[in-house]
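What follows is a short report on a single structure.
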Amino acid sequence: MLTLKYITENTAEVIARLAKKHFDGTAIIAQVIELDNARKAAQVQADNASAELNNLSKEIGNLMKQGKQAEANAAKEKTVELKEIIKTIGDQQSAAEQKLNDLLVQIPNLPHESVPSGKHAEDNLVERTGGSMPTLYDGAVPHWDLAKKYDLIDFELGVKISGAGFPVYKGKCARLQRALINFFLDNARESGYLEIQPPYVVNAASGYGTGQLPDKEGQMYHCTIDDLYLIPTAEVPVTNIYRDVILNESELPIKNTAYSACFRREAGSYGKDVRGLNRLHQFDKVEIVQIQHPDKSYETLDQMVNYVQTLVDKLELPWRILRLCGGDMSFTSALTFDFEVYSAAQERWLEVSSVSNFESYQANRLKCRFKSGDKKTQLAHTLNGSALALPRIVAALLENNQTPEGIRIPKALIPYTGFDIID
RNA sequence: GGAGAGGUGGCAGAGUGGUCGAUCGCGGCGGUCUUGAAAACCGUUGUACUGUGAGGUACCGGGGGUUCGAAUCCCUCCCUCUCCGCCA
């Protein structure tokens with residue numbers, strides 16, 4: 001969430017910038033400021049009363065020691081009123097704090113100045129493109145047909161075992177996925193990321209820390225019996241490693257990578273978007289996470305985008321990078337670049353990565369801070385990105401590389417798959 | 001699942017109802033010494049809110065209670081660890 005300090009000190013600017021996300025902050029921010037003032041006033045009162053009570057208590061202690069029982073009793077009577085004030089004003093203060101927090105989590109992050117205005121996906125800016133468009137042979141088909149033809153993915157079997165959106169991968173496709181995971185992790189490691197194996201279920205505090213809770217509760221599978229959530233991305237457990245942590249400035253940047261299965265309920269999805277591998281309830285992904293000094297986070301964002309670009313290049317996929325417009329960005333992001341690859345038989349661009357700088361928005365919730373020698377502790381910036389999400393990569397690889405003889409594996413992957421064609 | 005132990009500052013570990021935000025040690029930071037380092041010695045070292053400031057307030061797992069006063073007593077919830085059982 002945004003810091004209260006920033007909102008109160010830059011009110012007009014905050015409202016103006018939120019407008020780019022099509023969020024009208026006028027009313028809510030007025031309320032925030034009002035509550036903040038009420039909170040401060042209450043605290044001053046309650047603190048003064050507490051200070052007085054503390055002094056009185058010490059006095060009573062001394063009087064009792066000296067055997068001045070009568071004076072001590074007189075002083076005790078004075079405490080009654082003070083305790084009353086502390087209780088009622090204190091309650092007012094915590095009520096204001098609670099409401100304040102409830103409001104703050106409803107305010108989205110401020111978009112970076114470079115974010116294009118716009119409401120929908122069509123308003124995103126194409127930043128750059130690369131790779132070459134494949135020319136498919138006559139009779140080329142979408143990946144769901146290839147999946148049948150080569151017995152690679154059994155969607156119906158997944159329905160039987162679990163439900164729609166839980167495909168069963170078989171044979172060379174299962175091996176291809178395993179190869180991709182290793183390929184992505186090895187690349188990340190070579191790029192300086194520390195590999196992490198995180199838990200796949202998290203508690204509510206972690207979900208809150210990265211912003212899935214409370215607003216996106218419906219997106220996660222919830223194991224109510226233990227009150228744990230299946231992770232929708234490795235970002236959640238990995239970023240939460242740094243919850244309530246004060247790092248030393250010299251430790252920055254933190255660079256972590258993790259493979260995980262990801263679980264998403266995707267309530268409300270339908271139609272061509274969910275066909276085949278395009279949208280699943282369970283999928284594999286390798287995530288990269290960085291925690292960086294505020295002065296360097298945009299430089300880092302560029303590096304992460306460039307890194308992801310090397311992956312799609314090595315996989316020989318046609319790609320484009322989108323700078324998301326204000327209306328299409330996530331609630332918590334300040335600047336997001338999406339990667340899309342072209343899946344030639346579907347004739348569609350598929351999103352395979354989203355790389356974002358959250359600035360201090362997540363860090364404020366997480367209480368992830370750093371401190372440098374003499375300077376004060378301050379909030380760090382957090383960034384993350386997919387590098388990469390598997391299913392749509394697999395879809396594009398299958399579709400783009402199909403030939404009458406079989407499906408060709410890109411050169412960079414062959415050492416990982418151990419085969420060069422699916423036939 | 002059964003039984004027991006315990007949750008205190010970065011770590012380790014004391015703590016009698018009052019002068020305890022909390023002993024001591026380690027680590028960290030600064031300094032003396034040294035060509036440099038180590039060692040030794042000296043000093044310093046939690047977080048947040050609040051106040052123009054001196055300062056004030058809160059926090060010893062969470063919440064509640066007793067008391068003039070709670071890290072310390074009571075209730076309750078959560079969590080962790082150990083042993084036994086089961087098990088990849």
Side-chain angles (χ1 to χ4, degrees), chain A residues 1-9 32-105 197 199-209 213 222-229 237 240-252 254 261 291 360 363-380:
Chain A
M1 55 190 164
L2 298 175
T3 61
L4 190 53
K5 192 169 147 71
Y6 196 85
I7 293 174
T8 54
E9 287 176 3
V32 162
I33 289 171
E34 192 187 316
L35 279 167
D36 186 40
N37 289 332
R39 172 190 133 262
K40 280 185 195 170
Q43 182 175 347
V44 171
Q45 271 191 74
D47 280 3
N48 288 340
S50 292
E52 214 177 312
L53 179 63
N54 287 344
N55 286 331
L56 213 46
S57 295
K58 271 180 206 161
E59 221 174 279
I60 291 169
N62 287 331
L63 290 171
M64 305 250 278
K65 255 182 220 161
Q66 295 163 26
K68 298 177 179 169
Q69 197 63 44
E71 284 177 56
N73 286 340
K76 278 190 195 183
E77 278 172 36
K78 279 199 253 173
T79 65
V80 176
E81 192 190 345
L82 286 173
K83 286 206 279 187
E84 195 65 30
I85 292 172
I86 292 166
K87 175 101 176 69
T88 51
I89 305 291
D91 284 351
Q92 283 172 29
Q93 186 189 343
S94 40
E97 274 166 10
Q98 183 60 50
K99 267 190 234 159
L100 201 49
N101 197 58
D102 289 348
L103 292 179
L104 285 175
V105 300
Q197 277 196 344
Y200 288 4
V201 294
V202 294
N203 54 30
S206 294
Y208 180 84
L213 296 176
H222 187 192
C223 309
T224 50
I225 224 178
D226 296 303
D227 196 22
L228 293 170
Y229 296 85
N240 270 284
I241 292 173
Y242 305 97
R243 169 154 52 86
D244 293 322
V245 167
I246 300 178
L247 296 156
N248 197 302
E249 186 177 4
S250 61
E251 296 176 80
L252 300 176
I254 300 276
I291 296 173
S360 61
N364 190 29
R365 277 201 186 189
L366 287 163
K367 299 236 169 10
C368 173
R369 292 159 291 176
F370 71 93
K371 117 165 101 176
S372 54
D374 44 351
K375 281 188 224 146
K376 254 189 80 181
T377 56
Q378 55 175 317
L379 292 170

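Residue numbers begin at 1 in each chain, while the letters A, B, ... track the order of the sequences. Computed over heavy atoms, backbone and side chain alike; hydrogens, waters and symmetry mates excluded.
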Using atom types as modelled and distance alone, determine if a side-chain donor or acceptor of T3(A) lies under 3.5 Å from a backbone N or O of Y6(A). yes
For atom C1', what is the distance between C42(B) and G53(B), given to the nearest Å? 32 Å
Take the protein atom NZ of K58(A) and the nucleotide atom P of G56(B), then report the distance between them rounded to whole Å. 8 Å
For G18(B), does OP1 or OP2 lie under 4.0 Å from any side-chain N or O of N62(A)? no
Should G53(B) form a Watson-Crick or G-U wobble pair with both distances under 3.5 Å, which nucleotide is its partner? none
Please report, rounded to the nearest Å, how far the C1' atom of U67(B) is from the CD1 atom of I86(A). 14 Å
What's A51(A) touching, base or sugar-phosphate or nothing? Going by heavy atoms closer than 4.0 Å. sugar-phosphate
Does C87(B) have a Watson-Crick or wobble partner in any strand here, with both distances under 3.5 angstrom, and which is it? none
If I pick the P atom on U66(B) and the same atom on C75(B), what distance separates them, to the nearest angstrom? 15 Å
Out of K76(A), K58(A), K68(A), which residue meets the side chain to side chain contact (heavy atoms under 4.5 Å, CB included) rule with L63(A)? K68(A)
Across every strand shown, the nucleotide meeting Watson-Crick or G-U wobble geometry with G46(B) (both distances under 3.5 Å) is C59(B)
Check whether any side-chain N or O of S94(A) sits under 3.5 Å from a backbone N or O of G90(A) as a donor-acceptor pair, and report yes or no. yes
Rounding to an integer number of angstrom, what distance separates C78(B) and G85(B) when you compare their C1' atoms? 25 Å
Using Watson-Crick or G-U wobble geometry with both distances under 3.5 Å, which nucleotide pairs with A14(B)? none
K76(A) vs E97(A), nearer the 5' end of RNA chain B by closest nucleotide: E97(A)
Under 4.0 Å between any heavy atoms, over every strand shown, what does L82(A) touch: base, sugar-phosphate, or nothing? Just pick one. nothing
Opposite nucleotide pairing with C81(B), Watson-Crick or G-U, both atom distances under 3.5 Å: G4(B)
Choose from U47(B), G56(B), C68(B) the nucleotide whose nearest atom is closest to any side-chain atom of Q43(A). G56(B)
Rounding to the closest angstrom, what is the interatomic distance between G61(B) and A70(B) at atom P? 16 Å
In Watson-Crick or G-U wobble terms, both distances under 3.5 Å, what is the partner of G36(B)? none
Side-chain atoms of K83(A) come closest, of U47(B), G51(B), C68(B), to C68(B)
Ignoring backbone atoms, test whether N203(A) places a side-chain nitrogen or oxygen under 4.0 Å from the OP1 or OP2 oxygen of C78(B). no
Per T377(A) side chain, nearest of listed nucleotides U47(B), U57(B), U50(B): U47(B)
Could you state the atom-to-atom distance from CZ of R243(A) to P of U47(B) in whole Å? 20 Å
Main-chain N/O of V44(A) paired with N48(A) side-chain donor or acceptor, under 3.5 Å: yes
Within less than 4.0 Å of OP1 or OP2 of C29(B), is there a side-chain N or O belonging to K371(A)? no
Same-atom distance (P) from A22(B) to U45(B), integer angstrom: 10 Å
Distance check needed: C68(B) C1' versus N73(A) CG, whole Å only. 9 Å
N48(A) or K87(A), whichever maps to the more 5' nucleotide of RNA chain B: N48(A)
Kindly check if the number of other-residue, nucleotide or ligand heavy atoms within 6.0 Å of CD (E34(A)) is above 12? no
Between N203(A) and S206(A), is there a side-chain donor-acceptor contact under 3.5 Å, judged purely by atom types and distance? yes
Remember a base hit wins even if backbone is also touched, and classify K78(A) as base, sugar-phosphate or nothing at under 4.0 Å, heavy atoms. nothing
Which is it for F370(A) and I291(A) under the side chain to side chain contact (heavy atoms under 4.5 Å, CB included) test, yes or no, and what are the steps along the way? CA-CA 10 Å; F370(A) 71 93; I291(A) 296 173; over 6 Å; no
Between C1' on U45(B) and CD1 on I246(A), what's the gap in Å once rounded to a whole number? 13 Å
Presence of R369(A) side-chain N/O under 4.0 Å of A48(B) phosphate oxygens OP1/OP2: yes
With the side chain of S50(A) defined as its heavy atoms from C-beta on, choose the nearest nucleotide among A58(B), U50(B), G18(B). A58(B)
When the C1' atoms of G6(B) and G13(B) are considered, how many whole Å apart are they? 14 Å
How far does the C1' atom of U47(B) sit from the matching atom of C60(B), given to the nearest Å? 13 Å
Protein-nucleotide distance (Q93(A), atom CD; C59(B), atom P), rounded to Å: 12 Å
How many whole angstroms separate atom CZ of R39(A) from atom C1' of G51(B)? 13 Å
Looking only at side-chain N and O atoms, does E77(A) offer a donor or acceptor that is under 3.5 Å from a partner on N73(A)? no
Rounded to whole Å, CD of E59(A) lies from C1' of G18(B) at a distance of 14 Å
Whole-Å P distance, A5(B) and C87(B): 28 Å
Write down the partner of U67(B) under the Watson-Crick or G-U wobble criteria, each distance required to be under 3.5 Å. none
Pairing partner of C20(B) (Watson-Crick or G-U wobble, both distances under 3.5 Å): none
